[in-house]
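These notes concern the structure reproduced below.
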Amino acid sequence: MGNSALKAHLETAQKTGVFQLTGKGLTEFPEDLQKLTSNLRTIDLSNNKIELLPPLIGKFSFLKSLALNNNKLTALPEELCKLKKLETLHLNGNHLRQLPAAFGQLSALKTLSLSGNQLRTVPTQLSGLRHLDVVDLSKNQIQNVPDTVGELQAIELNLNQNQV
């Protein structure tokens with residue numbers, strides 16, 4: 001993808017607070033986004049080939065929605081857990097096996113989609129999230145549901161197509 005196209009997206013994002021660049025074959029998180037850490041409310045980088053989320057993700061202090069569906073993420077950086085205003089996190093169709101230890105610090109999180117990953121257990125970090133409404137853990141490799149799932153405050157928990 002050409003630099004001019006990325007530049008146009010960045011200019012639009014600066015005005016709207018929304019950065020959307022889906023299905024462009026990106027292999028890494030656009031470094032130029034760090035210029036917009038105080039502007040962005042929404043980032044959608046779904047349907048790319050991103051393998052790694054850089055630590056700078058933690059600097060997007062006003063981010064409310066992050067979508068990274070259908071990428072190649074295998075892990076999430078601890079810095080992601082600094083996003084205190086994050087309400088929606090879509091990570092469907094990646095290769096995640098676990099969540100960062102500090103994931104429970106995402107206190108504003110309302111919707112979490114982790115369908116189609118490689119999780120083997122229901123992440124215990126979720127029980128501390130008091131505002132969660134929807135948790136989608138479908139199409140993972142979850143084999144048993146721990147007792148801590150009873151502490152989950154979510155209205156909807158989807159565990160379809162697992163090995164439970």
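Just so you know, these numbers come straight off a predicted model, no measurement behind them.
Atom CD of Gln34 sits in a crowded spot, with more than 12 heavy atoms from other residues, nucleotides or ligands closer than 6.0 Å. More than 12 heavy atoms of other residues, nucleotides or ligands shown are found within 6.0 angstrom of CD on Gln125. Annotation for Lys84: atom NZ counts as buried by contact number, over 12 foreign heavy atoms lying within 6.0 Å.
We find the CG-NZ distance between Asp32 and Lys7 to be 10.0 Å, quoted to the nearest 0.5 Å. Distance check, rounded to the nearest 0.5 Å: NZ of Lys64 to NZ of Lys85 gives 7.5 Å. Rounding to the nearest 0.5 Å gives a distance of 11.5 Å between CD of Gln98 and CZ of Arg120. Summarising the geometry, atom CG belonging to Leu126 is positioned 11.0 Å from atom CD belonging to Glu151; distances are rounded to the nearest 0.5 Å.
For Leu76 against Pro100, the heavy-atom pair with the smallest separation is O-CG, 3.5 Å. Smallest separation of non-hydrogen atoms from Ile57 and Leu83: O-CD2, 3.3 Å. Heavy-atom minimum distance, Leu68 versus Asn71: O-ND2, 3.2 Å. Closest heavy-atom contact between Leu86 and Ser65: CD1-N, 3.8 Å. For Val122 against Leu137, the heavy-atom pair with the smallest separation is CG1-CD1, 3.9 Å.
A donor-acceptor contact shorter than 3.5 Å is absent between the side chain of Asn94 and the backbone of Asn117. The backbone N or O of His95 sits nowhere less than 3.5 Å from a side-chain atom of Arg97 that would complete a donor-acceptor pair. Although no hydrogens or angles enter the test, the distance criterion places a donor-acceptor pair under 3.5 Å between the side chain of Asn158 and the main chain of Asn160. With Glu78 contributing its side chain and Ala101 its backbone, the two residues share a donor-acceptor pair below 3.5 Å. Side-chain atoms of Thr121 do not come within 3.5 Å of backbone N or O of Pro123 as any donor-acceptor pair.
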- Walk me through it: do Leu89 and Leu91 pass the test side-chain contact (heavy atoms from CB on, under 4.5 Å)? CA-CA 6 Å; Leu89 182 58; Leu91 295 163; 3.8 Å; yes

- Message: Could you walk me through whether Thr74 and Leu96 satisfy the side-chain contact (heavy atoms from CB on, under 4.5 Å) test, starting with their C-alpha distance in whole Å, then the side-chain angles of each, then the deciding distance to 0.1 Å, before giving a yes or no?
- Response: CA-CA 5 Å; Thr74 54; Leu96 298 171; 5.7 Å; no

- Evaluation steps, side-chain contact (heavy atoms from CB on, under 4.5 Å), between Leu66 and Leu80: CA-CA 10 Å; Leu66 178 59; Leu80 177 75; 3.7 Å; yes

- Query: Could you go step by step and tell me if Leu33 and Phe60 meet the side-chain contact (heavy atoms from CB on, under 4.5 Å) rule?
  - Reply: CA-CA 9 Å; Leu33 278 185; Phe60 291 91; 3.9 Å; yes

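Inter-residue side-chain proximity for Phe103 and Leu129 is flagged as met; some heavy-atom pair is nearer than 4.5 Å. Between Ile43 and Leu63 the shortest side-chain heavy-atom distance falls below 4.5 Å. Looking at Val134 and Ile155, their side chains never come closer than 4.5 Å, going by heavy atoms from C-beta outward. Inter-residue side-chain proximity for Phe19 and Leu10 is flagged as met; some heavy-atom pair is nearer than 4.5 Å. Side-chain contact between Leu132 and Gln153 is absent, with no heavy atoms from C-beta onward closer than 4.5 Å.
Of the N and O atoms on the side chains of Gln141 and Gln118, not one donor lies less than 3.5 Å from an acceptor on the other residue.
Annotation: side-chain hydrogen bond (donor to acceptor under 3.5 Å, both in side chains) contacts of Glu31 (sequence neighbours excluded): none.
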Which pairs would a plain distance check flag for residues 45-55, meaning a side-chain donor or acceptor within less than 3.5 Å of a matching protein atom at least two apart in sequence or in another chain?
unit_1, atom_1, unit_2, atom_2, d
Ser46, OG, Asp44, OD1, 2.8
Ser46, OG, Asn69, N, 3.2
Asn47, OD1, Asn70, ND2, 3.0
Asn48, OD1, Lys24, N, 2.9
Asn48, OD1, Gly25, N, 2.9
Asn48, OD1, Leu26, N, 2.9
Asn48, ND2, Leu21, O, 2.9
Asn48, ND2, Leu45, O, 3.0
Asn48, ND2, Ser46, O, 3.2

Could you give the side-chain donor-acceptor pairs of residues 105-115 under 3.5 Å, partners two or more places apart or in another chain?
unit_1, atom_1, unit_2, atom_2, d
Ser113, OG, His90, ND1, 3.1
Ser115, OG, Ser138, O, 3.2
Ser115, OG, Ser138, OG, 2.9

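With hydrophobic clusters built from ILVMFWY side chains whose heavy atoms lie under 4.5 angstrom apart, Leu119 shares a cluster with Val145.
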